[in-house]
Amino acid sequence: MNPTRTPAVIAATVTRLQHHFGDAPQVAVVLGSGWGGIATQLSAAQHLAYAELPAFAASQVQGHGSALRVGLAAGRRVALLCGRTHTYETGDCAAMAGAIRSLKAWGVQVLVLTNAAGGLRSHLPPGSLMLLADHINATQRSPLIGEGGNTRFVDMGAAYDPALRTHALQIAAQQQVPLVEGTYLWALGPQFETPAEVRMFAAWGADAVGMSTVPETIVARHCGLRVLGLSLITNMAAGLSAEVLTHAATLEQAHAAGADAAGFLTALVGSLPDTEPNLLSNK
Ligand code: HPA
C-alpha cells in the first residue's frame, strides 16, 4: 500500500483535521479549474495547506493550489479542496485516495467533484455547465487495484447520486443557470486528445472529455461517499473547432466562465440542507 494512504496515515490526517477545523462539514468540494471562485466567497474560513495533512498529495499543476479551506458558503459549512493531483502527474491514479478516505473518516458525507472539460456536443459550447450523469473510464485504470475484500467490486450503476442530481437540476432551474446532464469521459492526458479519439469518444456516447474526476468518484463510491459531479466546458474538444488547444487557453476560458460556475456552486452547496435534509444522509 502506498505509504501516504495507510490506515495509520489516514487516522493521523483525521486527527489533524479534527484538531484544526473541529467536526467535519457534511459536504466537501474538489475544485477544478474555473471553480475556485467559491473559495473567495467563503466566510469564517480557516485553511490548512495539504503539506500539513499527511494523506493529502499536493498538485504541481499551474492553476491548481494545494490547501483545504473550511468555512460557510451561502450559510452552509463546507470543506473546499483547492487543488487536486491528477493521474498524469505521477501515473498514480489513486493519488487522491488518501485525501478522499480521510474526508470520509472525518465525517464528510457528500463529495462534489468539479472539473474543466472539453465539449463533444454542439449544445455544450465553451462556458457551459454539465452535470455528470455517468462516466466512461476510457483509461480502464482503477484506483482500487491492490485493495482486498469484496468491497472492491463497487457497483457503479448510479455513481453520481440520483437524488443529488435531481436537486442540482432544480437549483439550476431556480437560479436560471443552464445545466445539462451528460456523460464525462476520463482521458489520461496530459496531452490533449486527437480529433480521431474525440470522434471515437463521441460515438461511444461521451459528452465531455477531461483528465480527472473519475478515479475520485471510484474511490468515493468505494468508501461510501455520495458523489455529485460538475464540468465547466472550457473548449470544444480537439477537431471540433479551429482552435489549437493549450493549457493556458483552457485556464483563460475557465476564469472567464468561472464567476457563473462558482456562483451556481455556492448556491447549490448552500441549498443542500434546507430543501431536503435527507439529501445529506449517507445511504
Ligand atoms: N480534453 C481533456 N481535458 C480537458 C479539455 C480537453 O479538451 N479541456 C479541459 N480539460
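Start at 1 and go down the list; that is how both ligands and their atoms are numbered. Every heavy atom of this structure was used, including side-chain atoms; hydrogens, water molecules and symmetry mates were not.
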Q) What atoms of ligand 1 come within less than 4.0 Å of a heavy atom belonging to T234? A)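 Under 4.0 Å from T234, ligand 1 has these atoms: 8 (N), 9 (C).
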(Q) At less than 4.0 angstrom from any non-hydrogen atom of F192, what atoms of ligand 1 do you find? (A)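 Heavy-atom distances to F192 below 4.0 Å select 1 (N), 5 (C), 6 (C), 7 (O).
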(Q) Just so I know, are the side chains of T87 and L188 near enough to count as touching, which here means a heavy-atom distance under 4.5 Å? (A)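 Counting from C-beta outward, T87 and L188 do come under 4.5 Å.
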Students should be able to answer this: which protein heavy-atom is nearest to [atom], and at what distance?
atom: atom 2 (C) of ligand 1; value: E193 OE2, 3.2 Å
atom: atom 5 (C) of ligand 1; value: G118 N, 3.4 Å
atom: atom 3 (N) of ligand 1; value: G210 CA, 3.4 Å
atom: atom 4 (C) of ligand 1; value: V209 O, 3.8 Å
atom: atom 10 (N) of ligand 1; value: A116 O, 3.4 Å

Q. Between T15 (side chain) and A11 (backbone), is there a donor-acceptor pair under 3.5 Å?
A.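 Judged by distance alone, yes, a pair lies under 3.5 Å.
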**Q.** Donor-acceptor contact present, side-chain R221 to main-chain L225, <3.5 Å
**A.**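 Side chain of R221 to backbone of L225: a pair is present.
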Q) Should R5 and D92 count as an ion pair when the cut-off is N to O under 4.0 Å? A)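 Yes.
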(Q) Using a strict threshold of under 4.0 Å (side-chain N to carboxylate O), is an ion pair present between R121 and E181? (A)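 No.
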Q. If you measure from each non-hydrogen atom of A117 to ligand 1, which part falls under 4.0 Å: side chain, backbone, both or neither?
A.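 Just the backbone.
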Q: Check each heavy atom of N235 against ligand 1 and say whether those closer than 4.0 Å belong to the side chain, the backbone, both or neither.
A: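 For N235, only side-chain atoms sit under 4.0 Å from ligand 1.
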(Q) Are H247 and F192, when compared by the centres of their aromatic rings, separated by less than 6.0 Å? (A)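 Distance test on ring centres: not under 6.0 Å, no.
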Q. What class does the angle between the rings of F21 and W106 fall in, given that below 30° is parallel, 30 to 60° is tilted and above 60° is perpendicular?
A.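 It falls in the tilted class, 30° to 60°.
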